[in-house]
There are 2 protein chains.
Amino acid sequence: MKTSAGPASFPANVTADDVAAAAGVSRWTVNRAFKKEASISPATREKVMTAARSLGYIPDLSAAALASARSNLVALLVDDFANPHKLVMLERLTRALRGRGWDTLLVNTLDRDDTAPALLNASQRRVDATILIGIQFDDEVLEAAHSARRFKKLIIFARTSENPDTISIAVDDVAATREIARYVTDRGYRRPLYVAGPRTVSAHLMRKETFLEFWRGRFGVEPDSVSVEAYDPILSAACSLELLETRPRSEHPDIIVCENDALALGVIDTIRHRLKLRVPEDIAVIGFDDVPQCESPNYRLTTYRQPLTEMANYLVDVLESTEAGNLDRTFEGQLIVRESA
Amino acid sequence: MKTSAGPASFPANVTADDVAAAAGVSRWTVNRAFKKEASISPATREKVMTAARSLGYIPDLSAAALASARSNLVALLVDDFANPHKLVMLERLTRALRGRGWDTLLVNTLDRDDTAPALLNASQRRVDATILIGIQFDDEVLEAAHSARRFKKLIIFARTSENPDTISIAVDDVAATREIARYVTDRGYRRPLYVAGPRTVSAHLMRKETFLEFWRGRFGVEPDSVSVEAYDPILSAACSLELLETRPRSEHPDIIVCENDALALGVIDTIRHRLKLRVPEDIAVIGFDDVPQCESPNYRLTTYRQPLTEMANYLVDVLESTEAGNLDRTFEGQLIVRESA
DNA sequence: ACGCCTTTTGCACGCGCGTGCAACACATTT
DNA sequence: AAATGTGTTGCACGCGCGTGCAAAAGGCGT
């Protein structure tokens, strides 16, 4: 800092010992005063807190983490910054976590091969849990996670996984997709195209599969489908353009069902601006997630909203739980009908 | 985890001592093997690394942080998740940081009064620096930061600050705004409206001020301007609608210059979809940041791109620097001309 | 006022590693 | 062969706090 000559000029680190001396108690009493459910008399606590305030003391979580088995720190691994929904998830998660005393280590898994190193990285900081909210993980990566030192809970957020070593907190993709499919048929659409994201080994969303299965069961035919290599509006715009412009109008789908909004936004751009067609009159579009842009007059996207706040709160419950049982849980979301379908 | 009975069944924590025993050296030699510029013979290092690999050892950064004065951890305080540019910044920053061995603590400053607590929170984790990339800080907050224990570097990213106790890494707002203003006049616009974000006590962007001053100097008149209370497209859409719909067409601006893209996107939505006017023919719009949506056919926004990667890399340079001098630095960006102005 | 029970307080030890220096080994020089 | 220098290795101590238990203090009834 420019106002001071160097580290030496800062007030010396004030530790619990200093506060103890000032308050006339032992160091342990000081730390106890800062613990919620500690056995300490109100008078002593007040005395300690006063001394702490005047000295500017706050407990060192880093030392606490070393001494105890808990760090109250979680790692959040993210690999997909092109999807605007990630920003929403980051907000909800960090809000829920910080509101209940947890800190968040944001780890950018830089590329496809970086997930395992990123996991190790997190474990070096003694995190109590690692949360995956991306796509680039498969069983191999999960294996790496488990061999990582001090590995504790591995939580897969907003994505279902059947891996028994992970805790999956997600919307019920099957129920949600069935609701979407029912809506699609009820509104009379009959030639759907399903636009899916990348297909990883594990942790599938089960949305595409469910939709196709529903359609087969209902109409006996397999709908068209296509995979985009990332949940990126730019890529889905390009991909859908490539697919649609080669076809005559008569072979166009009447609705495009997208695995999520990131894909749907790109698809709408293609339909409106490249093909010069109307949404929903010529081709309807439906998404998943309810990102903020859905509300925009450019999209007015019909989509399915996940109860993110509820899910984030449950995640913290999981962190604080010591139960050994299966903590997987799915949530019910809500179909948000706008004008795009 | 479901496959194991509990924490006890995990392989015991393997520490440097274990590796030392396996490799037949002292613990200190083991840790040295993991340090880049340590004085150790290649043969010994190889021996240690082999033992470490077979035991699955990796150094504990948490303990290292406690023992030394460095943690290689920074806190990133964010308060404005409505602005899509934040996601881009998060990506670039975490990429630059992690690429050079730094971990990132993401701290959501939940509301206006939470900035100071968030700062304290960060200091509890022994971060080597705190980076502010939001808006809700004023001199009072910075003061709080400085009285926080173990406070080191306070970096203001993507925002200029003259506070001598902070390090500001930002684009040169004055030069950038002048370039924008010159472009606006060169293209013949003469009735600009400036849409600014919230005005905080310190850390102004200097964009509004520079633009108004430029215009006064050039034409002798003060352009219209308005402030939106947050960098949120929804709010700027509402705000610009309220302003414009009360005016007759003849009193509309011919261009709306926005402090950043988040505001500009909302403004375009209002012009096109609420007022049913054309961009740029009726009203042109110009932004700042170059968020991904600028590229979308819905916006095609002319804007000013900050060299975020370069700025992020410089930020890491700052973290690794021990110089006492002024580390503030501004960068030159680039005007990206699209069709909106 | 005494004994018993409950609440509150104090403490030895350890979490895993870094710092700074001392000791050591080996290669080179005279 | 001894002395000098360079590179390498080992170690005492401490970072700040939590755990688990023992000691002390306070409260109650008879």
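Numbers restart at 1 for each chain; the letters A, B, ... are given by sequence-line order, proteins then strands.
In this structure the side chain of B:L97 reaches within 4.5 angstrom of the side chain of B:L319, judged on heavy atoms.
With DNA chain D read from its 5' end, the first of the two nearest nucleotides for A:A63 and A:A69 is the one closest to A:A63.
The distance between atom CG of A:D17 and atom P of D:dG18, rounded to the nearest whole Å, is 12 Å. Rounded to a whole Å, the NZ atom of A:K36 is 17 Å from the C1' atom of D:dG18. Distance, B:R126 CZ to C:dG16 C1': 13 Å, rounded to whole Å. Rounding to whole angstrom units, CG of residue B:L66 and C1' of D:dC15 are separated by 4 Å. Between the CG atom of A:N31 and the C1' atom of D:dG16 there is a distance of 8 Å, given to the nearest Å. When rounded to the nearest whole Å, the span between NZ of B:K35 and P of C:dG20 equals 10 Å. The CD-C1' distance, from A:E46 to C:dT8, rounds to 17 Å in whole Å. What separates CZ of A:F34 from P of D:dG16 is a distance of 15 Å, to the nearest Å.
Direction change of the helix axis from one end of the helix from C:dA1-D:dT30 to C:dT30-D:dA1 to the other is 30°, with five pairs defining each end axis (rounded to 10°).
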* Could you run through nucleotides 6-12 of chain D and give me one letter per nucleotide, 5' to 3': B if any protein heavy atom sits under 4.0 Å from the base, S if only the sugar-phosphate is that close, - if neither? => --BBBBB
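Considering every non-hydrogen atom in both A:L154 and A:D165, the closest pair reads CB-O, 4.2 Å.
Residues satisfying the salt bridge (Lys or Arg N to Asp or Glu O under 4.0 Å) criterion with A:K47, sequence neighbours excluded, are absent altogether. Scored by the side chain to side chain contact (heavy atoms under 4.5 Å, CB included) test, A:R53 finds A:E46, A:M49, A:T50 as partners (sequence neighbours excluded).
Sorted by first and then second residue, the pairs that involve residues 16-43 of chain B and meet ring-ring contact (aromatic ring centres under 6.0 Å, His included), not counting sequence neighbours, are B:F34-B:Y57. The salt bridge (charged side-chain N to carboxylate O under 4.0 Å, His left out) pairs that include a residue from residues 307-323 of chain B are B:R100-B:D317, B:R100-B:E320, where partners are two or more places apart or lie in different chains.
Using modelled atom types, no side-chain atom of A:D128 and backbone atom of A:R70 make a donor-acceptor pair closer than 3.5 Å.
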